[in-house]
Structures are given as structure tokens and as C-alpha cells.
Visitor: 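What follows is a single structure, and I will ask about it in a moment.
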Amino acid sequence: MRVGVLTGGSDCPGLNAVLRAIVRKGVQEYGDEFTGFRDGWRGVLRDETVPLDIRAVRGTLPRGGTILGSSRTNPLAQEDGADRVLGTLARHRLDALIVIGGTATLGAAARLAEDHGVPLVGVPKTIDNDIPLTDYTVGFDTAVGVATQAIDRLHTTAESHKRVLVVEVMGRSAGWIALHSGLAGGANCILIPEQPFNVEQVCEWVESRFRATYAPIVVIADSALPESGEITLHRGTTPLPSADPRARLSGVGEWLGREIERRTGKESRTTVLGHIQRGGAPSPFDRWLATRFGLHAIDAVHQGDWGSMTALQGTRITRVRLAEATSTLKTVDPSLYEEVGVFFG
């Protein structure tokens with residue numbers, strides 16, 4: 001078969017491992033030919049391609065980012081987007097398309113498959129881990145590892161100076177990175193977007209830690225907000241997160257650090273981890289997951305399972321429907337957040 005492949009949305013560790021597995025199995029077991037599209041859906045719309053063969057993916061397993069490039073392009077945002085996608089696939093005589101992406105990229109893929117008959121298969125990747133029906137997405141484990149290591153390092157400087165250290169991590173509308181890294185790193189408070197927080201309660205937890213002669217670490221997701229629903233940044237007041245999923249986040253950590261210092265009198269510092277959570281080599285788990293997703297994705301192509309997405313459920317790689325997996329976001333269950341609350345304060 002002739003198969004197209006793209007990586008869309010924000011980059012994350014493990015994308016190249018998916019590509020490597022797809023190409024290796026496709027060429028070696030099925031005799032496939034591959035065409036890579038540059039920069040996600042943008043490359044499909046503009047018909048910008050690169051050859052994708054075993055030589056192209058050799059040595060890429062531990063490499064971060066994506067050799068194909070990526071972009072946050074929605075092909076359906078243009079009136080003729082679906083026709084242009086179909087036209088590009090026809091010009092290259094492609095039998096199928098494998099789409100590796102997060103919620104927005106796969107959401108567009110689901111609509112193209114369901115409404116326009118595009119023969120495609122999805123692979124879930126995002127450090128936010130917010131795609132339903134799969135336990136984990138490619139890139140999440142690496143991001144948690146980076147954040148956890150940072151928290152481990154910050155503990156020592158917090159204790160040396162008896163400071164409050166606030167660590168802001170990514171996550172958009174889901175608190176998975178904050179929850180996992182905060183618990184693994186021994187944070188004294190974890191704040192997530194699913195649960196608006198009470199600043200006075202946070203300050204009480206901070207004071208409690210100091211009474212135990214232990215400098216506190218507060219981990220906060222970049223879209224978490226206080227119960228008031230707004231914070232005041234240097235650039236102005238920021239209300240509840242925008243309905244636009246691409247709206248830039250960050251700033252709440254700095255705000256919270258200032259509030260803690262003002263209310264408790266304890267010196268506070270904020271560390272914003274930002275894009276280092278996306279970069280660098282993928283963790284062993286992400287390499288394992290990405291590789292298995294790639295192997296199963298090319299199998300789905302040869303079985304004509306269009307509109308499906310690879311998923312990890314327990315230790316098994318399964319397939320779910322793209323339309324169902326992109327119909328909502330997977331967020332932190334209140335009971336899970338309550339479970340870790342024993343370590344707060």
C-alpha cells in the first residue's frame with residue numbers, strides 16, 4: 001500500500017519512535033511505500049512532502065521532536081479544506097493516511113474520516129494525556145519525568161533557604177502532569193484546573209509545612225485558577241480559560257507565589273517549566289508506547305479499520321473509534337484528586 005503519515009499539533013517526545021515503527025513494519029512486513037507530510041495538516045493542504053523510508057527513520061528512536069515537523073493547522077477551518085486533503089491524497093495515489101496528533105489534530109481527522117470518507121487511522125500523542133479511551137498518550141510519561149526531576153531538585157534549594165517554591169507545569173484543561181509529577185515529587189500541594197482552589201487553604205498548607213520545619217513545594221497546572229475565577233498578571237487580569245483551546249496559558253504560578261508571600265510573609269519563588277516538558281529524548285516508557293502504537297497503526301491500515309485510533313488499555317494495545325475519542329476531554333476524576341489530598345499541608 002501507499003501510505004501517508006503526518007505529525008500535527010504541539011510536538012512531544014516519542015513522535016519519531018511512532019514514525020520509525022510504522023515505517024519499519026510497513027516496509028519489512030507489508031512492502032509498503034510511505035510519504036511524509038511536512039508540518040502536520042499544513043503539509044497536506046500545501047502538498048509539501050518528504051520521502052519516508054527506513055533510512056529516513058534510522059536512529060530516530062531516542063530523538064525528541066519530529067523529523068516531519070508539526071503545526072497547529074486545522075484543515076477544516078478552510079472552506080475547501082476537505083477537498084484539498086482528498087486532492088493531495090489522490091495526487092500521490094495514497095491508499096491511507098496515518099495521523100499522529102493530539103485532541104485538535106485527531107478531532108479534524110475524525111471529521112474527515114466520518115464526514116468525507118478519508119481512509120485514515122489515528123495515533124494519540126500529547127503531554128497533556130487528555131485523550132479519552134486510552135490510559136496514556138505518547139509524550140506524557142516524559143513530561144511527568146521532567147517535571148518530577150525538577151521538583152526533586154527544587155526541594156533542596158527550598159529547604160536551604162526556607163522558601164516556598166511554586167512549580168508551574170503544563171496541562172491545558174487537564175491536571176494529569178501536575179497530579180502525577182506532584183505526587184511523585186512529594187509536593188505539599190497540587191493544584192489542577194478541574195478543582196478551583198482556595199488561596200487561604202493553600203496558605204494554610206504552606207504554614208503547616210513550615211511549622212513542621214519543612215519548606216513547601218506547591219505544584220500548579222498552568223490553567224488552574226482560584227475560586228474567584230480570575231488572577232491579575234503583570235499584563236492585566238486573566239479570567240477563566242478561553243474557549244479557544246489554543247489560547248496561551250501560564251502566569252498563574254507567578255501570581256500564586258506573590259499571593260502566598262503577601263499573605264504569609266514567607267519568601268516565595270516560582271519556577272515555570274514550560275516547553276522543557278515537551279523537549280528532549282523520550283523516556284523508555286514513551287519509546288515503548290510509541291513503538292507499539294506505530295506497529296498497531298500500520299496493522300489497522302492493512303485491515304481497513306478507517307476512523308480508528310490506537311489506544312493503551314491496561315497493557316494491551318487496542319483500537320477505539322476516533323470520533324468517540326475526540327468527543328470530549330479526559331480530565332482528572334475528583335475521587336483521584338481527593339485520594340492524594342492526604343499529602344497536602
Visitor: What pairs with Arg93 under side-chain contact (heavy atoms from CB on, under 4.5 Å), at least two apart in sequence or on another chain?
Guide: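 Once residues adjacent in sequence are excluded, the partners of Arg93 under the side-chain contact (heavy atoms from CB on, under 4.5 Å) criterion are Arg2.
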Visitor: Give the minimum heavy-atom separation between Leu45 and Gly81, together with the two atoms involved.
Guide: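 Closest approach of Leu45 to Gly81, heavy atoms only: CD2-O, 3.8 Å.
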Visitor: Would you call Leu68 and Val50 a side-chain contact if the rule is heavy atoms closer than 4.5 Å?
Guide: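 Heavy-atom side-chain distance check passes, below 4.5 Å.
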Visitor: Kindly state each residue pair satisfying ring-ring contact (aromatic ring centres under 6.0 Å, His included) with at least one member in residues 109-143, sequence neighbours excluded.
Guide: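 Non-adjacent pairs meeting ring-ring contact (aromatic ring centres under 6.0 Å, His included): Tyr136-Phe140, Tyr136-Phe285, Phe140-His180.
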Visitor: For Leu273 versus Ala147, what's the shortest heavy-atom pair and its separation?
Guide: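 Scanning both residues, the minimum pair turns out to be CD1-CA, 3.6 Å.
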Visitor: If you look at every heavy atom in Ala158 and Leu165, which pair is closest and at what distance?
Guide: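 What the structure gives for the nearest pair is CB-CD1, 3.7 Å.
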Visitor: For the residue pair Pro75 and Val85, what are the closest heavy atoms and their distance?
Guide: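 Minimum heavy-atom contact is CB-CG2, 4.0 Å.
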Visitor: Does a donor on one side chain sit under 3.5 Å from an acceptor on the other, for Arg72 and Ser10?
Guide: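 Their side chains do contain a donor-acceptor pair, which is all the 3.5 Å distance test asks for.
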Visitor: Can you find a heavy atom in the side chain of Thr328 that is under 4.5 Å from one in the side chain of Pro132?
Guide: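 Yes, close enough: below the 4.5 Å cut-off.
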Visitor: Rounded to the nearest 0.5 Å, what separates atom CD1 in Ile100 from atom OG1 in Thr66?
Guide: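 So the CD1 of Ile100 and the OG1 of Thr66 are separated by 7.5 Å.
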Visitor: Quick check on the hydrophobic clustering: are Met309 and Ile127 connected, directly or via other members, by side-chain heavy-atom contacts under 4.5 Å?
Guide: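 Cluster IDs for Met309 and Ile127 differ.
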Visitor: Answer yes or no: are there more than 12 heavy-atom neighbours, outside Glu338 itself, under 6.0 Å from its atom CD?
Guide: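 Incorrect, the count does not exceed 12.
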Visitor: Can you pull the salt bridge (Lys or Arg N to Asp or Glu O under 4.0 Å) pairs that have at least one residue in residues 262-289, sequence neighbours excluded?
Guide: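 Non-adjacent pairs meeting salt bridge (Lys or Arg N to Asp or Glu O under 4.0 Å): Arg163-Glu267, Glu200-Arg263, Glu259-Arg262, Glu259-Arg263, Glu267-Arg269.
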Visitor: Does any non-hydrogen side-chain atom of Ile131 lie less than 4.5 Å from one of Thr126?
Guide: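 In short, these two side chains touch, coming nearer than 4.5 Å.
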Visitor: Residues two or more places apart in sequence or in another chain: which of them pass side-chain hydrogen bond (donor to acceptor under 3.5 Å, both in side chains) with Ser71?
Guide: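 Ser71 satisfies side-chain hydrogen bond (donor to acceptor under 3.5 Å, both in side chains) with Thr73 only.
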Visitor: Under the salt bridge (Lys or Arg N to Asp or Glu O under 4.0 Å) definition, can you give me all pairs with a residue in residues 185-198, not counting sequence neighbours?
Guide: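 For residues 185-198: none.
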Visitor: Indicate yes or no: at least one non-hydrogen side-chain atom of Trp306 is less than 4.5 angstrom from one of Val121.
Guide: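 Side chain of Trp306 against side chain of Val121, heavy atoms only: contact under 4.5 Å found.
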Visitor: Quick one: salt bridge (Lys or Arg N to Asp or Glu O under 4.0 Å) pairs with a partner in residues 292-318, sequence neighbours left out?
Guide: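 The answer is Lys25-Asp299, Asp305-Arg319, Asp305-Arg321.
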Visitor: Check for me, please, whether Tyr337 and Val202 land in the same ILVMFWY cluster - side-chain distances under 4.5 Å, paths through other members count.
Guide: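 Both belong to a single hydrophobic cluster.
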Visitor: Can you pull out every ring-ring contact (aromatic ring centres under 6.0 Å, His included) where at least one residue sits in residues 18-46? Sequence neighbours excluded, please.
Guide: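 Checked against ring-ring contact (aromatic ring centres under 6.0 Å, His included) - neighbours excluded - the pairs reaching residues 18-46 are Tyr30-His302.
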Visitor: Who pairs with Thr105 by side-chain hydrogen bond (donor to acceptor under 3.5 Å, both in side chains), at least two apart in sequence or on another chain?
Guide: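 side-chain hydrogen bond (donor to acceptor under 3.5 Å, both in side chains) list for Thr105, sorted by chain: empty.
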Visitor: Between Trp176 and Val144, is any pair of side-chain heavy atoms under 4.5 Å apart?
Guide: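 No, their side chains stay 4.5 Å or more apart.
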Visitor: Residues in side-chain contact (heavy atoms from CB on, under 4.5 Å) with Leu329, at least two apart?
Guide: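 Thr103, Asp130, Ser173, Thr331.
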Visitor: Measuring from atom CD1 of Ile217 to atom CG of Asn188, what distance do you get when rounded to the nearest 0.5 angstrom?
Guide: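 Answer for the CD1-CG pair, Ile217 versus Asn188, is 7.0 Å.
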Visitor: Would a 4.5 Å heavy-atom cut-off, applied to side chains only, mark Ile220 and Trp255 as touching?
Guide: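 SC-SC contact between Ile220 and Trp255 ruled out.
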Visitor: Are Leu322 and Val123 connected into the same hydrophobic cluster when the rule is that any two of I, L, V, M, F, W, Y join if their side-chain heavy atoms are below 4.5 Å apart?
Guide: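 Different clusters: Val123 never reaches Leu322 through Ile, Leu, Val, Met, Phe, Trp or Tyr contacts under 4.5 Å.
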Visitor: Hey, does Leu89 have a side-chain heavy atom less than 4.5 Å from the side chain of Val118?
Guide: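 Yes, their side chains come closer than 4.5 Å.
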Visitor: Got a second to check how far Ile22's CD1 is from Ile298's CD1, nearest 0.5 Å?
Guide: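 So the CD1 of Ile22 and the CD1 of Ile298 are separated by 6.5 Å.
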Visitor: Test of understanding: with side-chain contact (heavy atoms from CB on, under 4.5 Å), list the residues that count as partners of Gln201, not counting sequence neighbours.
Guide: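 Gln201 satisfies side-chain contact (heavy atoms from CB on, under 4.5 Å) with Asn198, Glu204, Trp205 only.
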Visitor: Hey, could you give me the CG/CG distance between Asp39 and Leu6, rounded to the nearest 0.5 Å?
Guide: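 One gets 10.5 Å once the value is rounded to the nearest 0.5 Å.
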Visitor: Does Ala56 have any side-chain contact (heavy atoms from CB on, under 4.5 Å) partners at least two apart in sequence or in another chain, and if so, which?
Guide: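 Testing Ala56 for side-chain contact (heavy atoms from CB on, under 4.5 Å), a comparison that skips the adjacent residues, returns Leu52, Asp53.
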Visitor: Taking all non-hydrogen atoms of both residues, which atom of Asp222 and which atom of Met170 are closest, and how far apart?
Guide: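 For Asp222 and Met170, the tightest heavy-atom pair comes out as OD2-CA, 3.4 Å.
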Visitor: Is there a path of hydrophobic side-chain contacts, each under 4.5 Å between heavy atoms of I/L/V/M/F/W/Y residues, joining Ile98 to Leu112?
Guide: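 Leu112 does not cluster with Ile98.
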Visitor: Considering only residues two or more places apart or on different chains, which pairs with a residue in residues 173-185 satisfy salt bridge (Lys or Arg N to Asp or Glu O under 4.0 Å)?
Guide: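 Pairs touching residues 173-185 that pass the test: none.
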Visitor: Going from CZ on Arg38 to OG1 on Thr7, what distance comes out if it is rounded to the nearest 0.5 angstrom?
Guide: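 Here the rounded value is 11.0 Å.
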Visitor: Is the shortest heavy-atom distance from the side chain of Asp32 to the side chain of Asp95 under 4.5 Å?
Guide: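 Not touching, per the 4.5 Å side-chain cut-off.
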